[in-house]
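What follows is a set of notes on a single structure, which appears directly below.
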Amino acid sequence: MHAYRTHHCAQLRKDSVGQNVRLSGWVYRKRDFGNLLFIDLRDHYGISQIVVEKDSAAFPLAESLRSESVIRVDGKVNARADDAINPNLVTGEIEVRATAIELLSEAADLPLPVFGNAEYPEEIRLRNRFLDLRREKLHANIVLRSNVIASLRRRMIDQGFTEFQTPILTASSPEGARDFLVPSRIHPGKFYALPQAPQMFKQLLMVAGFDRYFQIAPCFRDEDARADRSPGEFYQLDFEMSFVTQEDVFAAIEPVLYGVFEEFSGERDVTTPPFPRIAYKDSMLKYGNDKPDLRNPIEISDVTEIFRGGGFAVFAKAIEDGSVVRAIPAPGAGVRARSFFDGTNQWAKDEGFAGLGYINFKGGEGGGGIAKNLGPERVALIVKQMGLGPDDGVFFSCGKPLEAAKLAGLARTRVGVELDLIEKNTFKFCWIVDFPMYEFDEVEQKVIFSHNPFSMPQGEMEALMTMNPLDILAYQYDIVCNGIELSSGAIRNHKPDIMYKAFELAGYDRSLVDEKFRGMINAFKFGAPPHGGSAPGVDRIVMLLADEPNIREVILFPMNQKAEDLMMGAPSEVSAKQLRELGIKFTNDGPKPQ
RNA sequence: GGGGUCGUAGCUCAAUUGGUUAGAGCACCGGACUGUCGAUCCGGAGGUUGCGGGUUCGACCCCCGUCGACCUCGCCA
């Protein structure tokens, strides 16, 4: 007989009755009747009930067992009586009558119970992650993550992609997030950086002729955490393709994402490819952001012209100063109590905006101060333009275009949630396309890259030479699911002269481009194929599929808000010897986090 | 760095809003019990109410400061 087990804990069925078996696992739950006791024995696969009777040699030890101790059980498979069958367990028709039990590893008093679905403080969970990971939900999430990654790999390979590993120790890059730096022992005073993404490497792979690359790629960014953004590190399904247009990239990745979501979505619906394409400009207008949650049926309208020169002086005056008015319909909300509207207005103020005006319609009659001041004719225009029903409400966000769009977007989400309009059990995908190449930085008073500087501008060199930079669009796209940005990607700029010009418009001269992007720009001078790709976030895909709002729920050993690993004690101080070898000495000032 | 929420037993929470000895469930320890699957019943132990000041006859509760956790803004090309 095997030293530890003949079967795992989800394996035994009725057809094994009478067999002598050996199981090993954790004591999940114990029910002690004095002269008879039950143990739910758990391993990775499931649970089997162990019965220990008074006359068994194993009884004294079984009585003393504590939850989460690891034991080996020898016994005979027994059919349960009809009224003792547990339909919730796959092994519920049988039990194992223990003849011998060995305590393989004793568990101390638990800082975190493994049994049950109660919620526990983040700090306790992170400090005892090995216990937390034994718990049903988290254990299942991590298995799901592994299965999702395996599926992504298989689907990419089936599509003709090849996986390559790119360096982890690389060079610091001037654009983007803060780098994690690694001091060099051989070159005192110099540093490696961990890759924020394998961006340049994957483009160089295209130059090297590999045609279709992918990688489940670790990425490192030294930025602050959010619920959906783990500090430090995360994984992307990074891919790149040669000789492709934007549509070719979409056509390659849509079936992969659709396939993996279909595979793991259970009862939930998934958008069938091709996913809707929404221009950045339209998304900002209709949804108030560049990552619309299409489960929310509300669409925002621009009603600036209706308010221009109208009787509602606050908006009319603001419009003269360059503001716009965006209207957010609240279907069926017109008959709601005034507190609904005032509450929403107060929420907008709490969010730091000037406020949110409204009209509430009751039987087609518009109520509130805005309706009164604006007059029936203009109100009728709003109703007509937006197709409002007789008992709908409508909110107004007024401000400079970006500000108004932002508030309108937040209000759209809030109203959708409050009125319970968000479609459930569905994954709604879309592409956001035609991002602007540049934007104007109000603080620095200059033109900057709005997203990825390596994207190909639409219209290429001619656009850069002739157009207002702020009007130039890029072959740049995001994929969005249920309001979550899964990835951003682009058709890359593979022509050195266009790249120099693109950087020039953002204030980088030729020598700086040569210095900072040497590896890539140099390679492009020796025959680079047109190429493009994207990089969907693996953690976020798993979050969506596991229906978890927090990214820590789908990561094995996550860090906390302050980017600490409480279990391993990272980051930590290092020895004086290590510092000496690296030529590093701290000043008295001490480091101060920003 | 800014804003918000929170901090009471190992864990989850309560304490009639400033009033006697800070309670309950889970976990733990001891006892009873032969069919449970959140077993049940009886008993026990477990607290400087995050920490430091202050107000008060009296503070878990009010005030000031401080520490910590999470959420968020900034940041994340």
Can you pull out every salt bridge (Lys or Arg N to Asp or Glu O under 4.0 Å) where at least one residue sits in residues 550-560 of chain A? Sequence neighbours excluded, please.
A:E122-A:R552, A:R125-A:E553

Do any of residues 548-573 of chain A sit with a heavy atom less than 4.0 Å from RNA chain B, and if so which?
A:N550, A:R552, A:N560, A:Q561, A:K562, A:E564

When you match A:E122 and A:S67 each to their closest nucleotide on RNA chain B, which lands nearer the 5' end?
A:S67

Spacing of A:E233 atom CD relative to B:C76 atom C1', expressed in whole Å:
16 Å

Under-4.0 Å side-chain N/O to phosphate OP1/OP2 contact, A:R66 with B:C29
yes

List for me each residue that meets salt bridge (charged side-chain N to carboxylate O under 4.0 Å, His left out) alongside A:K501, sequence neighbours excluded, and say none if there are none.
A:E504

Got a second to check how far A:M499's CE is from A:D514's CG, nearest 0.5 Å?
11.0 Å

So side chain to side chain donor-acceptor pair (under 3.5 Å) across residues 401-413 of chain A, not counting sequence neighbours, yields none

A:K291 NZ to B:C76 C1', straight-line distance once rounded to whole Å
10 Å

Please walk me through it: do A:D179 and A:R221 pass salt bridge (Lys or Arg N to Asp or Glu O under 4.0 Å)?
CA-CA 6 Å; A:D179 284 317; A:R221 294 177 191 175; over 6 Å; no

Is any side-chain N or O of A:R226 closer than 4.0 Å to OP1 or OP2 of B:C73?
yes

Given the 90°-from-0 boundary between syn and anti, B:U17 should be labelled syn

Please name the pair of heavy atoms, one in A:L356 and one in A:T344, separated by the smallest distance, quoted to 0.1 Å.
CD2-CG2, 3.6 Å

Non-neighbouring partners of A:D43 that pass side chain to side chain contact (heavy atoms under 4.5 Å, CB included), sequence neighbours left out:
A:R5, A:H8, A:C9, A:Y45

Under 4.0 angstrom, heavy atoms only, what part of the nucleic acid is A:S488 near: base, sugar-phosphate, or nothing?
nothing

May I have all residue pairs that pass salt bridge (Lys or Arg N to Asp or Glu O under 4.0 Å) and include part of residues 555-572 of chain A, sequence neighbours excluded?
none

Reading nucleotides 4-15 of chain B from the 5' end, what letters show protein touch, with B for base, S for backbone sugar-phosphate only, - for no heavy atom under 4.0 Å?
------SSS---

Under 3.5 Å, side-chain donor or acceptor atoms of residues 73-80 of chain A against the rest of the protein: list the pairs with distances, not counting sequence neighbours.
residue: A:D74; atom: OD1; partner: A:R22; partner atom: NE; Å: 2.7
residue: A:D74; atom: OD1; partner: A:R72; partner atom: NE; Å: 3.4
residue: A:D74; atom: OD2; partner: A:R22; partner atom: NH2; Å: 3.0
residue: A:D74; atom: OD2; partner: A:R72; partner atom: NH2; Å: 3.3
residue: A:N78; atom: ND2; partner: A:E95; partner atom: OE2; Å: 3.1
residue: A:R80; atom: NE; partner: A:G92; partner atom: O; Å: 3.2
residue: A:R80; atom: NE; partner: A:I94; partner atom: O; Å: 2.9
residue: A:R80; atom: NH1; partner: A:A84; partner atom: O; Å: 2.9

Rounded to whole Å, how long is the line connecting atom CG of A:D228 with atom C1' of B:U72?
11 Å

How close or far is atom C1' of B:G3 from atom CZ of A:F353, stated in whole angstroms?
14 Å

Distance check, C1' atoms only: B:A39 and B:C33, in whole angstrom units.
11 Å

Spacing between A:Y28 atom OH and B:C26 atom C1', to the nearest angstrom:
14 Å

Look at A:D109 together with A:R66 and state whether they make a salt bridge at an N to O cut-off of under 4.0 Å.
yes

Per-nt protein contacts along nucleotides 33-41 of chain B (heavy atom under 4.0 Å; B base, S backbone sugar-phosphate only, - none) come out as BBBBBSB--

How is the base pairing of RNA chain B summarised as a dot-bracket string, given the Watson-Crick and G-U wobble criteria with both distances under 3.5 Å, [ ] for crossing and | for another strand?
(((((((..((((.....[...)))).(((((.......))))).....(((((..]....))))))))))))....

List the residues meeting salt bridge (charged side-chain N to carboxylate O under 4.0 Å, His left out) with A:D290, not counting sequence neighbours, and say none if there are none.
none

Pair of N/O donor and acceptor under 3.5 Å linking B:C76 base with A:R229 side chain:
yes

For A:D82, what residues pass the salt bridge (charged side-chain N to carboxylate O under 4.0 Å, His left out) criterion, not counting sequence neighbours?
none

Between A:M206, A:R492, A:H494, which is the residue that forms a side-chain contact (heavy atoms from CB on, under 4.5 Å) with A:P530?
A:H494

Just checking, A:R29 and A:F115: is the charged tip under 6.0 Å from the six-membered ring centre and within 45° of the axis?
yes

